[in-house]
Amino acid sequence: MSRSPIYLDNHATTPVDARVLEAMLPWFTEHFGNAASKTHSFGLRASVAVSQARRQIAQLLGAADPSEIIFTSGATESDNLAIKGAVRAMRPGRDHVVTVATEHRAVLDSCATLQREGSELTVLKPRPDGILSLDDLEATLTPTTALVSVMHANNEIGVIQPIAAIGQLCRRRGVLFHTDAAQSAGKLPLNVQEDCVDFCAFTAHKIYGPKGVAALYVRADCGVRPAPQMDGGGHEDGYRSGTLNVPGIVGLAAALKLACDERETEAVRLTALRNRLWHGLLEVCPQAVLNGDLDRRLPGNLNIIVPEAASSRLGPFNTRVAVSGGSACSSGKKGSSHVLKAIGVSDEAGVGAIRFGLGRFTTADDVEYAVAEFAAALRQSGN
């Protein structure tokens, strides 16, 4: 009996958890008010829901005050607001930006925009295991450095950067620190105060919440108010104009709460499944190579390279198991992604890159099925 394709691309996006959907549904129907319309009960009820969500998210991230949580349309918008907004607000005098070659395009392209405007930009290469050297980072900091942006966990190779150590270094040097936590919020320990984070971007659809809603943490006493990137009615304390997505905001808070509550047990479960998957793939394709550090990575992440000869035979596998050749943002491109290139993977080798993203609804049977389908595709192609 044929089986429906299984989904192992949870770094690209996740399905909405039924518990999150249940929390959201009333805000599409009977409680449909505009949170900015506070002259009547419909708007007031929506405003209260937004305030409760903001307070819950702040508590889960360890923020000092709910007002430090700014709602946006996605982590890309949050990254843009933090990076471009902060550096533009600090000009003239301090406009040197430091980031890493393995960052998400939302970060790299925002930094490139600032460079075109006249900012100095330093893009550091990580070690071959994907981890940034703190010594390399410290050597780049100058009196004109305004901002350092380093993502918490990489969206392709899953490696976890030492953001607490980076944050402490930046704080000692009087430099603002931004981290893209789209892949890590709710999945890894994260406390913005203890980790010395000034700006933190995260989103709902990576943690079993809805697409189109996210947030940016802005430390109130960081000394800089990021310049808004959207003009309009002055919503979100003037940081981000636009009618608030009340159902999405409720969903973001519910999704983050569930993820944080279940984080420790889920990490153990996913790590075991991830390791079983890796060992199973190695049994049928011993030439497979792991990208990134095996231990310092997201529990559900596995990014490997198989020889091009094997990769060319995996068409049937790709129709039965949903995986990615890299990040969803660079899918369809031939050769190595910018992340793989940064850790030394050639274009020739990058053709065989496969990213597996295990998630909340991945089972042991799914892993066994993926390994079996991988092996079957190789056998049917004459391996």
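This one's a predicted model, so the numbers in the text were calculated from it and none came from an experiment.
A donor-acceptor pair under 3.5 Å is formed between the side chain of E77 and the backbone N or O of S73. In this structure, T140 contributes its side chain and L137 its backbone to a donor-acceptor pair below 3.5 Å. Between the side chain of S336 and the backbone N or O of V345, at least one donor-acceptor pair lies under 3.5 Å. A donor-acceptor contact shorter than 3.5 Å is absent between the side chain of S311 and the backbone of P307. Between the side chain of S133 and the backbone N or O of D136, at least one donor-acceptor pair lies under 3.5 Å. In this structure, T29 contributes its side chain and L25 its backbone to a donor-acceptor pair below 3.5 Å. The closest donor-acceptor contact from the side chain of H205 to the backbone of V213 lies at 3.5 Å or more, if one exists at all. Judged by distance alone, the side chain of Q161 and the main-chain N or O of V150 form no donor-acceptor pair under 3.5 Å. Here the side chain of R171 pairs no donor or acceptor atom with the backbone of F177 at under 3.5 angstrom. Side-chain atoms of R274 do not come within 3.5 Å of backbone N or O of L270 as any donor-acceptor pair.
Stacking of R225 on the aromatic ring of Y239 is recorded, both the 6.0 Å distance cut-off and the 45° axial limit being met.
One finds the CD atom of E103 at 5.0 Å from the CE atom of M151 (value rounded to the nearest 0.5 Å). Note: L277 CG to L282 CG = 9.5 Å, rounded to the nearest 0.5 Å. Interatomic distance, CG of L314 versus CZ of R320, reported as 11.5 Å (0.5 Å rounding). A distance of 7.0 Å separates CG in L147 from SG in C111, rounded to the nearest 0.5 Å. Distance check, rounded to the nearest 0.5 Å: CD1 of I69 to CD1 of I249 gives 11.5 Å. Interatomic distance, K341 NZ to T102 OG1, rounded to the nearest 0.5 Å: 14.5 Å.
At a threshold of 4.5 Å between non-hydrogen side-chain atoms, the residues E236 and P228 do not count as touching. With contacts defined as side-chain heavy-atom distances shorter than 4.5 Å, the pair L81/V218 does not qualify. Inter-residue side-chain proximity for R296 and V159 is flagged as unmet; no heavy-atom pair is nearer than 4.5 Å. Within the 4.5 Å cutoff, the side chain of R360 has heavy atoms near those of the D17 side chain. Between D95 and L114, every side-chain heavy-atom pair lies at or beyond the 4.5 Å cut-off. Within the 4.5 Å cutoff, side-chain heavy atoms of N10 are placed close to those of T362. N301 is not listed as a side-chain neighbour of Q183, based on a closest heavy-atom distance of 4.5 Å or more. Between N191 and L61, every side-chain heavy-atom pair lies at or beyond the 4.5 Å cut-off.
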Q.
For R269 and E266: C-alpha separation, side-chain torsions, deciding distance, then whether salt bridge (Lys or Arg N to Asp or Glu O under 4.0 Å) applies.
A. CA-CA 5 Å; R269 187 184 74 88; E266 186 69 351; 2.9 Å; yes
Q: Dump the intermediate steps for side chain to side chain contact (heavy atoms under 4.5 Å, CB included) on T179 and D198, then the final yes or no.
A: CA-CA 8 Å; T179 190; D198 297 297; over 6 Å; no
Q.
Under the criterion side chain to side chain contact (heavy atoms under 4.5 Å, CB included), I'd like the reasoning laid out for I57 against F202: C-alpha separation, chi angles, the key distance, then a yes or no.
A. CA-CA 11 Å; I57 291 169; F202 56 99; 3.6 Å; yes
(Q) Using the rule given for salt bridge (Lys or Arg N to Asp or Glu O under 4.0 Å), can you reason through R219 versus D221, listing the C-alpha separation, both sets of side-chain angles and the distance that settles it, and then say yes or no? (A) CA-CA 6 Å; R219 185 165 68 91; D221 60 352; 2.6 Å; yes
Q: Please lay out, stage by stage, how N154 and V339 fare under the test side chain to side chain contact (heavy atoms under 4.5 Å, CB included).
A: CA-CA 9 Å; N154 190 268; V339 172; 3.7 Å; yes
Q: Start with the C-alpha gap between K206 and T13, add the side-chain angles, then the distance that decides, and say whether side chain to side chain contact (heavy atoms under 4.5 Å, CB included) holds.
A: CA-CA 5 Å; K206 307 290 189 182; T13 195; 5.6 Å; no
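A side-chain donor-acceptor contact under 3.5 Å links R116 and T113. Residues R88 and Q229 bring a donor and an acceptor atom of their side chains to less than 3.5 Å of each other. No donor-acceptor contact under 3.5 angstrom links the side chains of S324 and H11, judged on distance only. Residues H178 and D79 have side chains that bring a donor and an acceptor to within less than 3.5 angstrom of each other. A donor atom on one side chain and an acceptor atom on the other are not found under 3.5 Å apart for H235 and S241. In this structure, a donor-acceptor pair under 3.5 Å is present between the side chains of S67 and D65. For the 3.5 Å distance criterion, the side chains of Q115 and S119 fail to qualify, holding no donor opposite an acceptor. A donor-acceptor contact closer than 3.5 angstrom links the side chains of H96 and T145.
Of all the heavy atoms in A342 and P126, the pair that sits closest is O-CD, 4.0 Å. Here the shortest heavy-atom pairing between A86 and V224 reads O-CG1, 3.9 Å. The minimum heavy-atom distance linking C285 with L378 is given by the pair CB-CD1, 4.2 Å.
Linking ILVMFWY residues whenever their side-chain heavy atoms come closer than 4.5 Å, directly or via other members, leaves V97 and V148 in distinct clusters. V175 is connected to V197 through a chain of hydrophobic side-chain contacts under 4.5 Å among Ile, Leu, Val, Met, Phe, Trp and Tyr, so both are in one cluster. Cluster membership check: I343 does not share its hydrophobic cluster with L124, using side-chain heavy-atom separations under 4.5 Å among Ile, Leu, Val, Met, Phe, Trp and Tyr. Note on L8: it clusters hydrophobically with V284, by side-chain heavy-atom contacts below 4.5 Å among ILVMFWY residues. F356 and Y369 fall within a single hydrophobic cluster, where Ile, Leu, Val, Met, Phe, Trp and Tyr side chains are chained together by heavy-atom contacts under 4.5 Å.
No option in L302, L281, N303 other than L302 meets the side-chain contact (heavy atoms from CB on, under 4.5 Å) test with L290. A side-chain contact (heavy atoms from CB on, under 4.5 Å) with I354 is found for exactly one of V323, V321, N291, namely V323. Test T72, D180, T203 against S78 for side-chain hydrogen bond (donor to acceptor under 3.5 Å, both in side chains) and you get one pass: T72.
Remark: aromatic rings of Y217 and F199 are distant, center separation not under 6.0 Å.
Qualifying ring pair (Phe, Tyr, Trp, His ring centres under 6.0 Å) partners for F361, counting only residues two or more places apart in sequence or in other chains: Y208.
Taking the six-membered ring for Trp and thresholds of 30 and 60 degrees, H40 and F42 have ring planes more than 60 degrees apart, a perpendicular arrangement.
Around the CD atom of E117, the shell of radius 6.0 Å holds more than 12 heavy atoms that belong to other residues, nucleotides or ligands. Remark: Q287 CD is packed, more than 12 non-hydrogen atoms of other residues, nucleotides or ligands lying under 6.0 Å away. Within a 6.0 Å radius of CD in E348, other residues, nucleotides and ligands contribute 12 heavy atoms or fewer.
The pair K257-E262 fails the salt-bridge criterion, with no side-chain N (NZ, NE, NH1 or NH2) lying under 4.0 Å from an Asp/Glu carboxylate O. We find that D9 and R355 are joined by a salt bridge, their nearest charged nitrogen and carboxylate oxygen being less than 4.0 Å apart.
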